Amino acid sequence: MPSVTVIGARGYTGSELLPLIWRHPEFELAAIGSRSAAGQRVAESMAGLDGCNLAYSDISPATLYEYPADAFILALPNGEAADYVAAIDAACPQAVIVDLSADYRFDDTWIYGQPERFGDRVAGARRIANPGCYATGMQLALAPIVDQLVATPSAFGVSGYSGAGRTRSRKNDPEALRDNLMPYSLAGHVHEREVTRHIGHRVRFLPHVAAFFRGINLTVSAELKDPVSPRGLHELFAAAWEGCTLIEVQEGIPEVAEIQGRHGVRIGGFTASDAAPGSIAVVCVLDNLLKGAATQAVQNLNLSFGFDGLSGIPR
């Protein structure tokens with residue numbers, strides 16, 4: 001079984017990722033890196049790891065050679081991956097790396113790992129940049145209509161505060177968010193640039209954070225070349241994502257509460273304006289910690305090693 005080391009495992013994403021790797025039928029969890037929790041038994045601080053005797057290790061770029069593996073998942077803050085990638089290249093040059101940060105999503109020497117769109121590129125890849133959570137939903141909500149766009153589409157996004165990570169700020173402070181909706185990074189957000197690059201069309205993104213813990217709602221507004229009915233949109237999206245088990249296309253408006261703790265994406269709420277033919281809206285919801293991060297990392301790891309893309313993902 002290929003061995004997998006996870007570095008940066010104490011964050012919200014790590015708490016979802018580790019149980020998936022631990023229970024995975026094809027992979028062996030080899031080591032778990034966390035400087036702050038080094039020496040602590042993982043199963044004592046994280047659910048879903050029954051029977052796991054591993055302890056957190058302080059895995060730094062300087063000590064990485066002590067933890068050889070067939071694959072590494074980097075769940076580190078933006079800007080911290082490069083030193084680890086260099087250490088992996090030196091210690092385990094044939095290892096697969098899946099990076100969950102934004103550090104390599106704009107690097108053409110890495111494969112951009114959105115399985116439903118680029119699964120053929122991910123297969124056998126050794127350097128995979130996991131897409132951002134908002135960026136995942138936006139692209140899945142835009143890809144079926146990108147060839148019909150005549151203007152810049154806009155995505156109004158609302159995320160649970162887990163998307164702001166564990167480092168304390170107003171964006172993850174439940175008291176500051178109580179009865180509140182907090183806009184931020186309203187121009188040039190990294191996911192706006194990411195989607196623009198990988199969808200091949202400029203987009204506008206307006207992110208917000210709300211008082212719920214996990215999940216994302218994206219309401220996408222767009223102008224199309226030709227008029228289309230809500231039924232026509234539904235049929236178009238259903239055909240585009242046919243066979244993609246983790247993407248569910250529905251007629252009604254999907255809601256965040258429906259997707260929390262689930263591994264897939266729901267797209268629906270197809271709306272077309274009678275007053276302005278070609279003006280449409282689409283709603284996409286996903287769990288930012290799962291399909292927006294951990295689930296997608298497992299999909300990419302599966303494809304890289306030639307396994308079924310959904311292996312180890314509960315459905």
Side-chain angles (χ1 to χ4, degrees), residues 114-120 131-160 191-192 194-196 198-208 212 214-288 290-292 295-296 299 309-310 313-315:
Q114 191 166 66
E116 290 79 12
R117 297 183 62 221
F118 306 124
D120 57 337
C133 52
Y134 275 125
T136 293
M138 278 190 277
Q139 288 176 81
L140 297 177
L142 284 169
I145 57 174
V146 68
D147 292 339
Q148 280 285 313
L149 294 174
V150 294
T152 301
S154 176
F156 182 93
V158 181
S159 171
H191 290 177
E192 178 179 280
E194 179 181 340
V195 176
T196 294
H198 293 288
I199 204 73
H201 197 288
R202 185 173 182 271
V203 301
R204 282 287 290 117
F205 174 45
L206 305 169
H208 299 67
F212 56 89
R214 64 192 300 161
I216 283 175
N217 175 287
L218 285 158
T219 301
V220 176
S221 174
E223 302 291 331
L224 307 185
K225 295 176 186 176
D226 301 315
V228 62
S229 67
R231 179 179 292 276
L233 280 171
H234 180 270
E235 292 173 352
L236 177 65
F237 274 76
W241 301 126
E242 184 179 7
C244 296
T245 304
L246 295 185
I247 303 179
E248 179 181 345
V249 178
Q250 62 183 60
E251 292 184 0
I253 298 175
E255 298 180 356
V256 166
E258 302 169 0
I259 205 69
Q260 290 169 331
R262 297 179 179 271
H263 294 273
V265 175
R266 290 187 179 180
I267 304 173
F270 302 105
T271 305
S273 172
D274 294 329
S279 178
I280 63 101
V282 177
V283 178
C284 176
V285 296
L286 68 155
D287 189 308
N288 56 303
L290 291 175
K291 180 56 176 169
T295 303
Q296 199 146 241
Q299 286 182 272
L310 298 180
I313 297 172
R315 298 191 290 281

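Predicted model, so just to flag it, every value in this text is computed and none were measured.
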Novice: NE2 of H191 to CE of M138: how many Å apart, nearest 0.5 Å?
Specialist: 7.5 Å

Novice: Is E248 salt-bridged to R262, cutoff N-O under 4.0 Å?
Specialist: no

Novice: Taking the side chain as every heavy atom from C-beta outward, state whether R214 and N288 have any pair of such atoms under 4.5 Å apart.
Specialist: yes

Novice: Roughly how far, to the nearest 0.5 Å, is CD of Q296 from OG1 of T136?
Specialist: 4.0 Å

Novice: Side chains of C284 and V220: closer than 4.5 Å at any heavy-atom pair?
Specialist: no

Novice: At what distance, to the nearest 0.5 angstrom, does CD of Q139 lie from CZ of R117?
Specialist: 5.0 Å

Novice: Kindly check if the number of other-residue, nucleotide or ligand heavy atoms within 6.0 Å of CD1 (I253) is above 12?
Specialist: no

Novice: What is the minimum heavy-atom distance between A155 and L218, and which atoms define it?
Specialist: CB-CD2, 4.3 Å

Novice: Testing the basics here: between A151 and H201, what is the closest heavy-atom pair and its distance to 0.1 Å?
Specialist: O-CE1, 3.1 Å

Novice: Is any side-chain heavy atom of L224 closer than 4.5 Å to a side-chain heavy atom of L149?
Specialist: yes

Novice: To the nearest 0.5 angstrom, please state how far the CZ atom of F205 sits from the OG atom of S154.
Specialist: 9.5 Å

Novice: Counting heavy atoms not belonging to D120, are there more than 12 under 6.0 Å from its CG?
Specialist: yes

Novice: Taking I216's backbone N and O only, do any of them form a donor-acceptor pair with S159's side chain (distance below 3.5 Å, no angle check)?
Specialist: no

Novice: On a heavy-atom basis, which atom in K291 and which in G264 lie closest, and how many Å separate them?
Specialist: CB-O, 3.9 Å

Novice: Report yes if some heavy atom in the side chain of P207 is under 4.5 Å from a heavy atom in the side chain of E192; otherwise report no.
Specialist: no

Novice: With side chains defined as the heavy atoms from C-beta onward, is the minimum distance between I267 and W241 less than 4.5 Å?
Specialist: yes

Novice: So which heavy atom on G261 is nearest to which on L290, and how close?
Specialist: C-CD1, 3.4 Å

Novice: Ignoring hydrogens and geometry beyond distance, is a side-chain donor-acceptor pair present between Q148 and K225 at under 3.5 Å?
Specialist: no

Novice: Answer yes or no: is there a side-chain heavy-atom contact under 4.5 Å between I247 and F237?
Specialist: no

Novice: Does Q250 use its side chain to pair, donor to acceptor, with the backbone of G252 at less than 3.5 Å?
Specialist: yes

Novice: Can you tell me how far apart CG (L246) and CD (Q299) are? Round to the nearest 0.5 Å.
Specialist: 5.0 Å

Novice: Check whether any side-chain heavy atom of V249 lies under 4.5 Å from a side-chain heavy atom of H234, and answer yes or no.
Specialist: yes

Novice: Please report the closest heavy-atom contact between V146 and I199, naming both atoms and the distance.
Specialist: CG2-O, 3.7 Å

Novice: Less than 4.5 Å apart, side chain to side chain, heavy atoms only: is that true for F270 and I280?
Specialist: no

Novice: Can you measure from CG (L142) to CG (D147) and round to the nearest 0.5 angstrom?
Specialist: 11.5 Å

Novice: Can a donor-acceptor pair be found, under 3.5 Å and without considering hydrogens, that links the side chain of T219 to the backbone of N217?
Specialist: no

Novice: Nearest heavy-atom pair of A222 and P153: which atoms, and what distance?
Specialist: CB-CB, 4.0 Å

Novice: Begin from the C-alpha positions of V195 and Y134 and carry the test side chain to side chain contact (heavy atoms under 4.5 Å, CB included) through to its verdict.
Specialist: CA-CA 9 Å; V195 176; Y134 275 125; over 6 Å; no

